[in-house]
Amino acid sequence: MFTGIIEEIGEITAIAPAGDGWRLTVRAPKAAADAVHGESIAVSGVCLTVVGSTADTFDTDVMKQTLDVAAIGDATVGTRVNIEKAMPVGARLGGHIVQGHVDGTGTVLEVRPGAQWSVLRISLPADLAPLVVDKGSISVDGTSLTVSAVSAPAEAQAWFEVSLIPETLAATTLGSRAVGDRVNLETDILARHVERLLAFREAATEGGSR
């Protein structure tokens with residue numbers, strides 16, 4: 001489990017085929033310094049397992065299903081990534097509950113720089129749109145953010161906006177995002193559970209009315 005508070009920006013230094021997936025080597029000195037085999041590290045919002053490490057790098061395997069659904073499948077050597085180690089028990093929850101289970105990807109539609117912050121407008125897959133609400137929480141490339149605006153339900157292209165403060169722009173890869181970039185999205189876990197519960201209740205109601 002993670003909080004969406006990014007600890008450092010890492011860099012992918014090697015990509016090697018591993019079956020139908022990849023083995024990644026990520027340079028991230030803070031995370032690698034005390035990394036242990038089998039622990040979880042979120043790489044731009046994707047929960048991955050450490051399979052080896054050096055003083056400033058760690059290796060991790062990425063299966064095909066993850067490459068298919070997450071923007072990490074676009075990565076190349078040199079790609080910068082957001083790094084967060086798993087939250088220790090008893091620590092403060094500075095962001096929100098992030099599992100590192102990417103729901104899908106969005107595309108940066110607009111970047112509006114301001115005097116002290118920058119606003120990103122990002123597309124939403126239709127199936128995720130009902131789970132994103134104004135002033136709610138969302139994880140973008142592993143970064144815990146507050147939604148500052150959302151599209152109306154009737155709009156053909158669903159989208160949401162996040163406002164990034166200078167600290168977020170400097171401490172994460174979001175500061176260098178441009179129109180057309182694909183980003184990982186993880187919606188609020190509570191919203192996903194409510195949606196699932198309502199789906200079962202609706203199915204039970206329909207079944208009982210027959």
J.: Would you call Leu185 and Phe160 a side-chain contact if the rule is heavy atoms closer than 4.5 Å?
T.: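 Result yes, sub-4.5 Å side-chain heavy-atom pair found.
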J.: Considering all heavy atoms of both residues, which atom of Ile41 and which atom of Ala31 are nearest to each other, and what is their separation?
T.: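 Shortest heavy-atom separation between Ile41 and Ala31 comes out as CD1-CB, 4.2 Å.
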J.: Count I, L, V, M, F, W, Y as connected when their side-chain heavy atoms are under 4.5 Å apart, and connections chain through other members. Are Ile138 and Leu169 then in the same cluster?
T.: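 Same cluster.
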J.: Quick one: are Glu8 and Pro29 in side-chain contact, heavy atoms under 4.5 Å?
T.: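 Contact flag for Glu8/Pro29 side chains = yes.
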J.: Evaluate the criterion side-chain contact (heavy atoms from CB on, under 4.5 Å) for residue pair Thr168 and Leu145; output intermediate values, then yes/no.
T.: CA-CA 9 Å; Thr168 304; Leu145 298 169; 4.2 Å; yes
J.: Could you tell me whether the side chain of Glu186 and the main chain of Val98 form a donor-acceptor pair under 3.5 Å?
T.: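 No, Glu186 side chain to Val98 backbone: no donor-acceptor pair under 3.5 Å.
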J.: State which residues pass salt bridge (Lys or Arg N to Asp or Glu O under 4.0 Å) with Asp74; sequence neighbours excluded, sorted by chain then number.
T.: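 By the salt bridge (Lys or Arg N to Asp or Glu O under 4.0 Å) rule, Asp74 matches Arg182.
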J.: Please list, one pair per line, the donor and acceptor atoms closer than 3.5 Å that link side chains of residues 48-58 to other protein atoms, with sequence neighbours excluded.
T.:
| from | atom 1 | to | atom 2 | distance (Å) |
| --- | --- | --- | --- | --- |
| Thr54 | OG1 | Asp56 | N | 3.4 |
| Thr54 | OG1 | Asp56 | OD1 | 3.4 |
| Thr54 | OG1 | Thr57 | N | 3.1 |
| Thr54 | OG1 | Thr57 | OG1 | 2.7 |

J.: Can Val102 be reached from Phe2 by stepping across I, L, V, M, F, W or Y side chains whose heavy atoms are under 4.5 Å apart?
T.: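 No.
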J.: Between Ser137 and Asp188 (side chain of the first, backbone of the second, donor and acceptor by atom type, cut-off under 3.5 Å), is there such a pair?
T.: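 Side chain of Ser137 to backbone of Asp188: no pair is present.
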J.: Ser144 versus Thr3: any side-chain heavy-atom pair under 4.5 Å?
T.: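 The answer is no, as the side chains (C-beta and beyond) never meet within the 4.5 Å cut-off.
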J.: Mind checking the CD1-CH2 spacing from Ile15 to Trp22? Nearest 0.5 Å is all I need.
T.: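 Answer for the CD1-CH2 pair, Ile15 versus Trp22, is 4.5 Å.
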J.: Are side-chain heavy atoms of Ile72 and Leu24 found at a separation under 4.5 Å?
T.: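 Contact flag for Ile72/Leu24 side chains = yes.
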J.: For a quick test of reading the model, state the closest non-hydrogen atom pair linking Trp117 to Ile165 and the distance between them.
T.: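 Taking every non-hydrogen atom into account, CB-CA, 4.3 Å.
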J.: With no hydrogens and no angle check, is any side-chain donor or acceptor of Asn82 less than 3.5 Å from a backbone partner on Thr173?
T.: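 Here the side-chain-to-backbone pair exists.
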J.: Between CG of Asp127 and CD of Glu195, what distance do you get to the nearest 0.5 Å?
T.: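 CD of Glu195 is found 8.0 Å from CG of Asp127.
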J.: Look up atom OG1 in Thr172 and atom CD in Glu167, then write down how far apart they are to the nearest 0.5 Å.
T.: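 The distance works out to 9.0 Å.
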J.: I want to check something: taking the side chain as every heavy atom from C-beta on, are Asp103 and Leu131 in contact at a cut-off of under 4.5 Å?
T.: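 In short, these two side chains do not touch, never coming nearer than 4.5 Å.
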J.: From Cys47 SG over to His101 NE2, what is the distance, rounded to the nearest 0.5 angstrom?
T.: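 Output value for this atom pair is 5.5 Å.
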J.: Quick check: closest heavy atoms across Ala70 and Val46, and the distance to 0.1 Å?
T.: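 Nearest heavy atoms, Ala70 then Val46: CB-CG2, 4.1 Å.
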J.: What's the spacing between Ile12 CD1 and Arg27 CZ if we round to 0.5 Å?
T.: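 CZ of Arg27 is found 14.0 Å from CD1 of Ile12.
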J.: Is there a continuous path of hydrophobic side-chain contacts, each under 4.5 Å between heavy atoms, that joins Val111 to Leu174?
T.: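 Yes, Val111 connects to Leu174 through the hydrophobic network.
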J.: May I ask you to decide if Val119's main-chain N or O and Glu161's side chain share a donor-acceptor pair within less than 3.5 Å?
T.: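 Checking the backbone N and O of Val119 against the side chain of Glu161, no donor-acceptor pair under 3.5 Å is found.
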J.: So Ser151 and Gln157, side-chain contact (heavy atoms from CB on, under 4.5 Å) or not? Walk me through it.
T.: CA-CA 8 Å; Ser151 57; Gln157 170 63 70; over 6 Å; no
J.: In this structure, are over 12 heavy atoms from other groups packed under 6.0 Å from Gln116 atom CD?
T.: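 No, not enclosed.
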J.: Which pair of heavy atoms, one from Ile122 and one from Val183, lies closest together, and at what distance?
T.: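 Reported closest heavy-atom pair: CG2-CG2, 3.9 Å.
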J.: In the hydrophobic clustering that connects Ile, Leu, Val, Met, Phe, Trp and Tyr at side-chain heavy-atom distances below 4.5 Å, which members other than Leu198 occupy its cluster, ordered by chain and number?
T.: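 Other cluster members: Val194.
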J.: With a 4.5 Å heavy-atom cut-off, do Leu109 and Val179 have their side chains touching?
T.: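 No, side chains not in contact.
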J.: Do you know which two heavy atoms are closest between Ile83 and Ala28, and how far apart they sit?
T.: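 It is CG1-CB, 4.0 Å.
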J.: Is it true that atom CD1 of Ile9 has more than 12 heavy atoms of other residues, nucleotides or ligands lying nearer than 6.0 Å?
T.: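 Counting neighbours around CD1 of Ile9, more than 12 heavy atoms of other residues, nucleotides or ligands fall under 6.0 Å, so yes.
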J.: Using atom types as modelled and distance alone, determine if a side-chain donor or acceptor of Asn184 lies under 3.5 Å from a backbone N or O of Ala71.
T.: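 Side chain of Asn184 to backbone of Ala71: a pair is present.
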J.: With a 4.5 Å limit on heavy-atom distance, are the side chains of Val150 and Val133 in contact?
T.: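 Result no, sub-4.5 Å side-chain heavy-atom pair not found.
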J.: If I take atom CD from residue Glu39 and atom NZ from residue Lys85, how far apart are they, to the nearest 0.5 angstrom?
T.: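 Taking CD in Glu39 and NZ in Lys85, the distance rounds to 4.0 Å.
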J.: Indicate, with yes or no, if Ile189 and Leu93 share a hydrophobic cluster defined by side-chain heavy-atom contacts under 4.5 Å among Ile, Leu, Val, Met, Phe, Trp and Tyr.
T.: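 Yes, it is one cluster - the side chains of Leu93 and Ile189 are joined through contacts under 4.5 Å.
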J.: Work out which heavy atom in Glu84 is nearest to a heavy atom in Gly4; give both atom names and the distance.
T.: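 That would be OE1-N, 3.0 Å.
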J.: Is a donor on one side and an acceptor on the other found under 3.5 Å between the side chain of Arg121 and the backbone of Trp159?
T.: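 Not at all, since once roles are kept as given, no pair shorter than 3.5 Å links the two residues.
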J.: Can you get from Val162 to Leu128 by hopping between Ile, Leu, Val, Met, Phe, Trp and Tyr side chains that sit under 4.5 Å apart?
T.: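 Yes.
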